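Just so it is clear: chains get the letters A, B, ... in the order the sequence lines come, proteins before strands, and each one is counted from 1. As the structure is a computational prediction, the values presented were derived from the model and not from experiment. Because only heavy atoms are used, hydrogens play no part in the values below, and waters and symmetry mates are left out as well, while side chains stay in.
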There are 2 protein chains.
Amino acid sequence: MPLKALPAYEQIKRYVIRRISEGDWKPGGLIPSEMELVKEFGVARMTVSRALRELTAERVLTRVQGSGTFVAPQRYESTVLEIRNIADEIADRGHRHSASVLTLEPSDDPLALEALGLASGPAFHSCIVHSEEGEPIQYEDRYVNPKVFPDYLQQDFTVETPNHYMVRLAPIQRAEFRIYAQKPDAYVRRHLMMDIGEPCLQLWRRTWVGDDVATSVRLWHPASRFHLAGNV
Amino acid sequence: MPLKALPAYEQIKRYVIRRISEGDWKPGGLIPSEMELVKEFGVARMTVSRALRELTAERVLTRVQGSGTFVAPQRYESTVLEIRNIADEIADRGHRHSASVLTLEPSDDPLALEALGLASGPAFHSCIVHSEEGEPIQYEDRYVNPKVFPDYLQQDFTVETPNHYMVRLAPIQRAEFRIYAQKPDAYVRRHLMMDIGEPCLQLWRRTWVGDDVATSVRLWHPASRFHLAGNV
DNA sequence: GAGTGGTCTAGACCACAGG
DNA sequence: CTGTGGTCTAGACCACTCC
């Protein structure tokens, strides 16, 4: 139990984050000016300024001198690897995304249940091929925890990617990943329309919501059409 | 025509970074107090405080109330962002690391100079094969900015890896990376003793010290013996 | 011109570490 | 106790955007 009150700048930071996470202030939208927050909290402008500056450094806000302070566009999943929603990534390149759902059903695969930390099944299982301008770019083999996403099987993943669906419903709190270079098996190679001998960049990832593993996913990408990139 | 002067807090940040990267202030060591820097720069304490606070957030410094401000101990983390020193990684597995230096010389490769942001050469160039229990696990092709590491060519990289050497001398502040799955060329394949047709996991990375690109490196790993892993 | 953020000052009080 | 960092105030001037 905290004996002292949090510093004012920290309270303001949390207030801003709460307003964003509760949907009052939406990504891309303008938030109150420094002077308005000064009046609202009864503090000096420097204090508000520090709170907003730190949230800008944390990429929660963006600020434009002369214009105002805005909620930063939302980031999907791991900021670490910048593995964004594949559909958004494609859209940012000005290209058209399409998805083909190969599988969407319950599964009792014991390895999948173990990865999700489930004592008993079933888990939900989906296999989707994502394409950019009609060219396959990602084979997604995903297992989902029904406890976290009970309506997963009822979604139409040609309209919204599983990644987007899950980020929309639950805040990802932790992730674990591994990255491999791999020769694809014949099934994946055929769906990605790859030449024989071309390697895959494979990403395996588990994400947590609270103490539950939300999803465990393997993503295969043709080496010739895909790489991962990011900054620290 | 000189551009606008940098803000005072930014000048102080760069000053601190320069003193660290030039070895005047060493990891773990005490640096001057806020008041001493206030006198030295002739600014208000808030200005020095902001500079040091931001460097603390960037993990360049650590501060202890009542004690002082210290240069942060350098850390070797296991995320893709800060790939660990390969030697430490191998040692953690209880294995023996060895390195073979293939190349260590100045280079005027125009692509390398461009990657380092250098108008004129030479840059320093090294090629090293790292092995775990005698088995090659990483081919490292590195270009280094002589402005940041003037003594690079005089080091013995069979004793200390380039990564460890650089982290020891300068605080890495920012990194950019790309990860590829790739078929190795014959030269790399031979040095890594890989089967024909086996893919490589290739990591390309640039790191910054202050506003200078410190190093640009390509790391090839045999897919069968290596993967990247991490948490968020 | 009015409103915004970016920076800076010269004080202040506090919590904490170490002699 | 002194010196350290942590926070905060109530002003100020500036650069920028938008109307």
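- Within residues 61-69 of chain A, the residues approached by DNA chain C to less than 4.0 Å at the level of any non-hydrogen atom are A/Arg63, A/Val64, A/Gln65, A/Gly66, A/Ser67, A/Gly68, A/Thr69, in residue-number order.
- Residue whose closest nucleotide on DNA chain D sits further toward the 5' end, between A/Tyr9 and B/Ser33: B/Ser33.
- For A/Gln65, there are no side-chain hydrogen bond (donor to acceptor under 3.5 Å, both in side chains) partners two or more places apart in sequence or in a different chain.
- Note: CD (A/Glu34) to P (D/dT17) measures 16 Å, nearest angstrom.
- Checked by atom type and distance alone, the side chain of B/His221 pairs as donor or acceptor with a backbone atom of B/Leu201 at under 3.5 Å.
- What you find for B/Asp141 and B/Trp220 is that their closest heavy atoms are CB-CZ3, 3.7 Å.
- The side chain of B/Met46 approaches D/dT7 more closely than any other nucleotide in the set D/dT7, C/dT7, D/dG5.
- Ion pairing between a basic and an acidic side chain is recognised when a charged N comes within 4.0 Å of a carboxylate O; A/Arg63 and A/Glu34 show such pairing.
- You'll find the ring centres of B/Tyr152 and B/Phe157 inside the 6.0 Å limit.
- B/Thr215 places a side-chain N or O within donor-acceptor distance of the main-chain N or O of B/Tyr143, the cut-off being under 3.5 Å.
- A/Leu37 places its CG atom 11 Å from the P atom of C/dT4, with the value rounded to the nearest Å.
- When each of B/Met35 and A/Pro7 is assigned the nucleotide of DNA chain D bearing its nearest heavy atom, the one mapping closer to the 5' terminus is B/Met35.
- Here the P atom of nucleotide C/dT7 and the CZ atom of A/Arg45 are 11 Å apart, to the nearest Å.
- A/Ile12 has its CD1 atom 15 Å from the C1' atom of C/dG5, to the nearest Å.
- In this structure, of C/dC8, D/dT7, D/dA12, it is C/dC8 that holds the atom nearest to the side chain of B/Ala8.
- Salt-bridge annotation for A/Lys13 and A/Glu54: present, with a side-chain N of the basic residue lying under 4.0 Å from a carboxylate O of the acidic one.
- As a whole-Å value, the separation of B/Leu30 CG from C/dG18 C1' is 13 Å.
- The CG atom of B/Leu52 sits 13 Å away from the P atom of D/dT7 (whole-angstrom rounding).
- One finds a side-chain N or O of B/Arg50 lying less than 4.0 angstrom from the OP1 or OP2 phosphate oxygen of C/dT7.
- Between A/Thr47 and D/dC8 there is no side-chain N or O to OP1 or OP2 distance below 4.0 Å.
- Note: CD1 (B/Ile31) to P (D/dT4) measures 12 Å, nearest angstrom.
- The distance from atom CD of B/Gln11 to atom P of C/dG6 is 19 Å, rounded to the nearest whole Å.
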